[in-house]
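We name chains A, B, ... by the order of the sequence lines, and we start the count at 1 in each one. Scope of the values below: all heavy atoms of this structure, side chains included, with no hydrogens, waters or symmetry mates. Computed from a predicted model, the values in this text were never measured in an experiment.
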Protein chains: 2
Amino acid sequence: MASSAPASRSCSCGQHCAHCLEKLCTHGIPIFASLAVDQLEKIAGKTLHRSYEKGETILEEGSHPDYVAILNGGSVKASRFTADGREQILYVFSEGDFFGEQNLLFDRPAVYAVTALEPCRLCFLYKKDFQQLLADNPDIGLRIISELGWRMSHLENSVRNMGVRSLESRIGAVLLELAGKYGAKQDDGTLVRMPLSREGLANYIGIARETVSRKLGMLEDEGMIRSVGARHILIRDMKALEELAG
Amino acid sequence: MASSAPASRSCSCGQHCAHCLEKLCTHGIPIFASLAVDQLEKIAGKTLHRSYEKGETILEEGSHPDYVAILNGGSVKASRFTADGREQILYVFSEGDFFGEQNLLFDRPAVYAVTALEPCRLCFLYKKDFQQLLADNPDIGLRIISELGWRMSHLENSVRNMGVRSLESRIGAVLLELAGKYGAKQDDGTLVRMPLSREGLANYIGIARETVSRKLGMLEDEGMIRSVGARHILIRDMKALEELAG
DNA sequence: CGTGGATTTGATACGGGTCAATGAGGGTGG
DNA sequence: CCACCCTCATTGACCCGTATCAAATCCACG
């Protein structure tokens, strides 16, 4: 069971593309890291796949999905809304992240909506198969606990930041987070591809979009960052930003 | 293996009190709910016990505990601090809650400090025993995932509330949460024993203590609640409060 | 009954939300 | 290829809400 199948064999995605021949869609997913290649192939064979366009809703708040969704390319946001339509983004997920496990394992309705931030590919693993998988591989449970732990510490940071930290600090923290996920080192700094618009950033941080503009402007004046087009930010002084974010 | 041992037999807590004869310290702990009584007794035999006074620190931020702590009476707060000493309370734990599992399972330093809010009793289950337990009973892992799920949805609520909800709404939500944990129905409403001081409430909600006073005063003027001494609040109009909290 | 910490109340300042107008990009069609 | 338009982002002015500082009062405890 070699990891790279012969080119003549269609990959488990049902497509015959270079991408899929290079990697199984279950490959590189942290919660499956302990599985052998043949197991990965078996799972991959049971997954459904679908692509989404930017702005498409993948999961609606309050629904009862009967699958775990694993993000296999692109990025999505998970957000909740208030009665008056204001949005609070809770997570930005990218390749390798999953969602829906709570709803599936414990029959709880989804408390957030998931929406594509850019074109993206998702694998869906249905309830029965996922439960089987968990039963057969107890340490996937551990890996899920681990991932939930990270997610919790992300939320714990958000709560602390929103509660007691200054705006600049919160913006700094979000920039650092996005830099970690979407940043590329260059000789003049780290160029970050921003999956979120200014409004998205605002809804992630929990402030007004105008304030995001103002504060980013200030950071730019101080030479810490530089806007590159509308969807990129160059971090010129990572040290200072880390200082700011605490 | 009867659940209530004969009175002549000392309970697993090493004490000979009515309390312990009535229930094992591992009893009523949700994550152990699936275990049989003899298993509970076996675990209880491996736990260490300790009582803490109000204000005592149980776990320090940044430390590497090698145990899971299970709260067996009383209540504690889990909080983080900023460099300038401001506190953000993340959780209020009470009987049956546990903490330390992340640090133990994945060797991550604790990101929050845990402090007793009132005299309380804790059981400590050490790394080796806890891991053994998890290995022997895979569905404890599931129960932990479930509990983490609840905790996450608590945090997700906090984030949304802090981001986009009004202060009144956030105060209402906290009152409801505490009412659920520490409230007792009476004919004139629900009397809630408040484990947190006004300052504690402020640090939980992420606002100034003076503002807590003012807003509670407003709710009292509106007849929704009534302060009873410093450490109790009577919720007179639960409907209105739920409305407020959203 | 007195003392000290916690809570409430009051006055003031300032940060950030909101509204409104202007400016920059990117895609479309002429 | 350029002009236009539509959307998103920026900038400015103003105002409200909450933090902050200060003082008075309450309450629990010895």
Send over the distance from Met162(A) CE to dG16(C) C1', rounded to a whole Å. 14 Å

Flag for Ser146(B)-Arg108(A): side-chain donor and acceptor within less than 3.5 Å: yes

With the side chain of Arg214(B) defined as its heavy atoms from C-beta on, choose the nearest nucleotide among dA13(D), dA11(C), dA9(D). dA11(C)

Remember a base hit wins even if backbone is also touched, and classify Ser197(A) as base, sugar-phosphate or nothing at under 4.0 Å, heavy atoms. sugar-phosphate

Counting the atoms with a prime plus P, OP1 and OP2 as sugar-phosphate, which does Glu210(B) contact under 4.0 Å by heavy atoms, base, sugar-phosphate, or nothing? base

Sugar-phosphate, base or nothing in reach of Arg209(B), heavy atoms under 4.0 Å: nothing

Separation of atom CZ in Arg170(A) from atom C1' in dG16(C), rounded to whole Å: 10 Å

Which is true for Arg86(B) with a 4.0 Å heavy-atom rule: it touches a base, it touches only sugar-phosphate, or it touches nothing? sugar-phosphate

Rounded distance in Å - CG (Leu167(B)) to P (dC16(D)): 17 Å

Taking atom P of dA9(D) as reference, at what distance in whole Å does atom CD of Glu199(A) sit? 8 Å

Would you please say whether a donor-acceptor pair under 3.5 Å links the side chains of Gln88(A) and Tyr112(A)? no

Which whole-number value in Å describes the distance from Ile207(A) CD1 to dA9(D) C1'? 14 Å

When you measure from the centre of the six-membered ring of Tyr204(A), is the NZ or CZ of Arg80(A) closer than 6.0 Å and no more than 45° off the axis? no

In terms of the nearest nucleotide of DNA chain C, which residue is placed more toward the 5' end: Gly229(A) or Gly206(A)? Gly206(A)

Euclidean distance, Lys77(B) NZ relative to Leu117(B) CG, rounded to 0.5 Å: 6.0 Å

Whole Å only: how far is the CG atom of Asp221(B) from the P atom of dT8(C)? 12 Å

